[in-house]
*Asks:* 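My questions all concern the structure below.
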Amino acid sequence: MEDLNEILQQRRDKAQEMADLGVDLYSNTFKPLHGIADILPPEAAEDPDFALSAGEKTIAGRIMLMRSFGKAAFMTLQDSSGRGQVYIRKNDVGEDLFNIFNKLDIGDFIGCKGTLFRTQKGEPTLKISTFKHITKSLRPLPEKHQGLKDVEVRYRQRYLDLMVNPEVRDVFKKRGQIIRFIREYLEERDYMEVETPMMHPISGGATAKPFQTHHNALDMDLYLRVAPELYLKRLLVGGFDRVFEINRNFRNEGLSTRHNPEFTMLEFYQAYATYEELMELTEDMISALSMEINNTMVIEFEGQEVDLTPPWKRYTMDEALVEIAGIKQEILDDPEKIIAFAKENHIELDAKAGPGKAKMEIFDQFVEEKLINPTFITAYPTEVSPLARCNDDDPTVADRFELFVTGRELANAFSELNDPIDQRYRLEQQVEHRGEDEEIFPEVDYDFIRALEYGMPPAAGEGIGIDRLAMLLTNSASIRDVILFPHMRPETKK
RNA sequence: GGGCCGUUAACUCAGCUGGUAGAGUAUCUGACUUUUAAUCAGAGAGUCGCGCGUUCGAUCCGCGCACGGCCCA
């Protein structure tokens with residue numbers, strides 16, 4: 001027998017009493033016809049001249065609040081449209097139903113029929129002519145004013161968080177709108193949505209620690225994908241000129257306010273485009289998205305103002321290091337001095353790391369966090385861009401950009417390398433120069449090389465972190481606030 | 001992995017110099033047919049995260065562990 005505390009036991013006792021009165025505690029026969037906030041919109045409460053809809057209304061929802069007067073009561077009901085007030089009187093519903101009403105708990109679902117009116121204080125309200133109990137709640141809801149604050153409970157029991165914290169519901173509604181907007185935006189531009197494998201025999205497309213798994217029937221090891229890139233490019237080879245995928249990537253690395261082991265990426269590829277055209281597209285898409293979601297291009301994030309109005313600032317990596325970090329150009333021009341500079345600044349570098357890697361690490365440490373308004377950084381060292389096309393005039397840098405906003409990387413894009421000989425060489429170099437890290441498994445994907453040998457049209461491709469984009473547009477400090485069920489350690493039994 | 005902080009009733013939080021625990025909400029009982037943090041009267045509700053230690057005595061001090069948060073790597 002479960003050991004129940006007082007409140008849980010009282011709820012169960014009341015449930016039994018209701019059952020004894022002939023109430024089906026978990027019925028599924030009531031069909032709501034109206035959304036609560038649709039017939040009782042918040043603006044109607046503000047505006048005394050707002051005309052309430054006439055006729056009988058049929059709603060269903062969870063009881064969030066109750067104010068009882070003995071023979072009458074007000075309740076606040078909540079459904080997916082929002083909240084609204086209902087009024088019940090013993091005279092209106094009769095003694096039998098009112099007895100059942102007296103057994104209701106906050107948290108129960110009920111269905112109500114009635115008509116709309118305004119109370120003496122002007123609050124639009126549904127006057128109940130009859131109601132039906134729909135679902136019993138056996139646990140008490142969190143406190144009605146303070147809500148649920150304990151972040152651990154909010155993440156572990158997100159259903160509670162969503163139930164009682166309307167602003168959390170809004171964040172996830174916006175997340176859905178963001179993804180829908182991006183889909184429509186790309187489809188309008190003749191991009192086709194595709195799905196590529198989540199389980200890869202070779203972990204490729206990015207340098208990251210993968211999760212490993214095993215297929216029993218085939219007796220083969222597999223990796224959860226760290227990026228879909230190599231498969232999407234195969235589709236360019238196959239003849240789909242514009243493709244995109246919005247899906248999960250998995251990286252077996254630490255957790256932080258910006259990292260969850262599974263996260264959502266948009267990747268898209270466009271044949272005959274260059275990284276410069278993708279900068280234009282990115283500016284246009286994200287600024288339009290901000291208008292769609294927040295009706296403004298000037299948003300607040302963590303107390304600072306961020307202006308998403310295009311055009312956005314552009315720097316080459318060297319320009320950013322000189323102008324923002326104040327590093328002398330002569331250091332950047334000399335591979336030995338760059339590595340020495342990194343070491344002087346306590347940046348740990350792998351023994352085989354070259355000047356490009358050092359430059360990137362210096363950038364991460366001295367520049368990244370200072371890029372608050374959206375900023376494109378271009379001319380990345382080719383050394384750290386194994387899948388990108390080299391610049392025609394300066395092959396030491398790649399035709400690549402990354403986008404930074406609020407000190408965070410938001411997007412990474414480049415003109416794609418489509419020379420199979422060069423690609424094979426660069427991937428083999430990557431394997432050869434792999435670090436001492438035992439948890440990454442660099443391996444050349446020779447089928448990808450073979451695909452390039454058939455000929456991939458020139459193209460540009462980009463990845464945008466959807467979670468970080470959602471953070472930006474919902475003013476959320478932690479990635480856990482935009483992921484419905486963020487990764488947590490197992491709950492310890494209390 | 002390191003540093004700092006947190007964990008007390010279902011929820012939000014107090015708890016002094018170590019002396020065996022409090023409030024509001026929620027719940028229960030009673031009153032109340034237009035409230036909206038409804039009101040009024042009364043009541044019940046706790047393994048003070050877990051373990052060990054110090055002490056006559058630990059929610060409080062020390063050590064360890066678990067979970068979480070923030071910062072750093």
Side-chain angles (χ1 to χ4, degrees), chain A residues 2-15 17 40 42 44-46 62-78 83-95 97-98 101-108 114-128 137-161 163-165 253-259 302 345-350 361 364-365 368-369 407 437 439 476-481 486-494:
Chain A
E2 207 179 346
D3 189 23
L4 298 175
N5 77 16
E6 187 191 32
I7 292 180
L8 298 187
Q9 188 57 55
Q10 282 168 349
R11 290 253 171 162
R12 277 166 164 74
D13 292 346
K14 273 168 105 178
E17 288 166 25
L40 296 166
E46 312 279 313
R62 187 190 293 276
I63 302 170
M64 300 303 291
L65 297 168
M66 198 168 344
R67 296 173 289 281
S68 175
F69 297 86
K71 295 190 181 67
F74 291 93
M75 288 180 280
T76 301
L77 297 192
Q78 174 171 284
R83 294 183 178 193
Q85 177 170 270
V86 301
Y87 180 55
I88 184 167
R89 288 202 312 179
K90 189 173 179 180
N91 287 2
D92 295 334
V93 299
E95 182 150 5
L97 256 189
F98 203 75
F101 161 77
N102 276 323
K103 304 279 182 220
L104 292 178
D105 279 311
I106 290 178
D108 287 3
T115 52
L116 301 181
F117 76 109
R118 279 184 193 271
T119 65
Q120 289 175 355
K121 299 280 172 62
E123 169 97 12
T125 302
L126 180 101
K127 185 186 231 177
I128 295 177
S137 169
L138 296 176
R139 289 178 179 270
L141 260 44
E143 212 266 349
K144 62 183 176 184
H145 312 121
Q146 304 287 344
L148 178 67
K149 291 184 172 170
D150 184 324
V151 288
E152 184 173 350
V153 178
R154 286 186 44 226
Y155 296 151
R156 287 193 196 279
Q157 296 178 258
R158 182 69 90 181
Y159 43 89
L160 269 185
D161 193 24
M163 202 185 294
V164 302
N165 294 327
E253 293 165 8
L255 285 72
S256 80
T257 50
R258 322 177 172 196
H259 299 90
E302 291 283 276
N345 286 283
H346 312 291
I347 292 170
E348 280 183 37
L349 286 175
D350 207 275
E361 295 289 336
D364 283 351
Q365 182 158 327
E368 183 168 333
E369 65 180 15
D437 199 326
E439 296 172 74
S476 299
S478 170
I479 196 168
R480 296 185 193 101
D481 292 325
H487 184 75
M488 304 282 276
R489 284 196 172 84
E491 194 171 1
T492 49
K493 251 194 166 173
K494 281 207 172 178

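Not measured: the values here are computed from a predicted model. Chain letters run A, B, ... following the sequence lines, proteins first and then strands; every chain starts at 1.
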*Asks:* Hey, does A:Asn91 reach any base, or is it just sugar-phosphate, or nothing, if we go heavy atoms under 4.0 Å?
*Replies:* base
*Asks:* Between A:Arg89 and B:U33, is there a contact of a side-chain N or O with OP1 or OP2 at under 4.0 Å?
*Replies:* no
*Asks:* Give the rounded distance in Å between these two atoms: CD1 of A:Ile347 and P of B:C72.
*Replies:* 15 Å
*Asks:* At under 4.0 Å between heavy atoms, what does A:Ile106 touch on the DNA or RNA strands: base, sugar-phosphate, or nothing?
*Replies:* sugar-phosphate
*Asks:* Should A:Arg156 be listed as having a side-chain N or O under 4.0 Å from OP1 or OP2 of B:G68?
*Replies:* yes
*Asks:* From the options B:A37, B:U35, B:U34, select the nucleotide whose nearest atom is closest to the side chain of A:Lys144.
*Replies:* B:A37
*Asks:* Could you please name the option among B:U36, B:A10, B:U12 that lies closest to any side-chain atom of A:Asn5?
*Replies:* B:A10
*Asks:* The side chain of A:Lys71 is closest to which nucleotide in this list: B:U25, B:U33, B:U36?
*Replies:* B:U33
*Asks:* My understanding is that a pair needs two contacts under 3.5 Å, Watson-Crick or G-U wobble. By that rule, which nucleotide pairs with B:C11?
*Replies:* B:G24
*Asks:* Of the listed nucleotides (B:A37, B:A45, B:C67), which one gets closest to any side-chain atom of A:His145?
*Replies:* B:A37
*Asks:* Let me know the distance between CE of A:Met64 and C1' of B:U35, rounded to the nearest Å.
*Replies:* 18 Å
*Asks:* Go through B:U25, B:U33, B:C28 for me and flag the one nearest to the A:Lys14 side chain.
*Replies:* B:C28
*Asks:* Determine the contact category for A:Glu143: base if any of its heavy atoms lies under 4.0 Å from a base atom, sugar-phosphate if only primed atoms, P, OP1 or OP2 are that close, otherwise nothing.
*Replies:* base
*Asks:* Hey, does A:Tyr155 reach any base, or is it just sugar-phosphate, or nothing, if we go heavy atoms under 4.0 Å?
*Replies:* sugar-phosphate
*Asks:* Counting the atoms with a prime plus P, OP1 and OP2 as sugar-phosphate, which does A:Glu348 contact under 4.0 Å by heavy atoms, base, sugar-phosphate, or nothing?
*Replies:* nothing
*Asks:* Please tell me if A:Arg67 has a side-chain N or O lying less than 4.0 Å from either OP1 or OP2 of B:U39.
*Replies:* no
*Asks:* Within the 4.0 Å heavy-atom criterion, would you say A:Thr257 contacts the bases, only the backbone, or no part of the nucleic acid?
*Replies:* sugar-phosphate
*Asks:* With a non-hydrogen cut-off below 4.0 angstrom, is A:Gly147 in contact with a base, only sugar-phosphate, or nothing?
*Replies:* sugar-phosphate
*Asks:* Can a donor-acceptor pair under 3.5 Å be found between the side-chain atoms of A:Gln120 and the base atoms of B:U35?
*Replies:* no
*Asks:* Counting only Watson-Crick pairs (N1-N3 plus N6-O4 or O6-N4) and G-U wobbles (N1-O2, O6-N3), all under 3.5 Å, who is the partner of B:G44?
*Replies:* none
*Asks:* Taking the side chain of A:Tyr87 as its heavy atoms from C-beta onward, which of B:C11, B:U35, B:U33 lies nearest to it?
*Replies:* B:U33
*Asks:* Among the nucleotides B:A37, B:G68, B:U35, which one has an atom lying closest to any side-chain atom of A:Arg489?
*Replies:* B:G68
*Asks:* By centroid distance (under 5.5 Å) and plane angle (under 30°), are A:Phe69 and B:U33 in a stacked arrangement?
*Replies:* no
*Asks:* Closest approach to the side chain of A:Ile7, judged atom by atom: which nucleotide of B:U25, B:U36, B:A26 is it?
*Replies:* B:A26
*Asks:* OP1 or OP2 of B:U36 versus the side-chain N and O atoms of A:Lys121: is any pair under 4.0 Å?
*Replies:* yes
*Asks:* Return no unless some side-chain N or O of A:Arg480 is found under 4.0 Å from OP1 or OP2 of B:C70.
*Replies:* yes
*Asks:* Identify which nucleotide among B:U34, B:G69, B:U36 has an atom closest to any side-chain atom of A:Val151, counting heavy atoms from C-beta outward.
*Replies:* B:G69
*Asks:* What interatomic distance, in whole Å, is found between P of B:A10 and the corresponding atom of B:C48?
*Replies:* 12 Å
*Asks:* Any side-chain N or O of A:Arg139 below 4.0 angstrom from OP1/OP2 of B:A10?
*Replies:* no
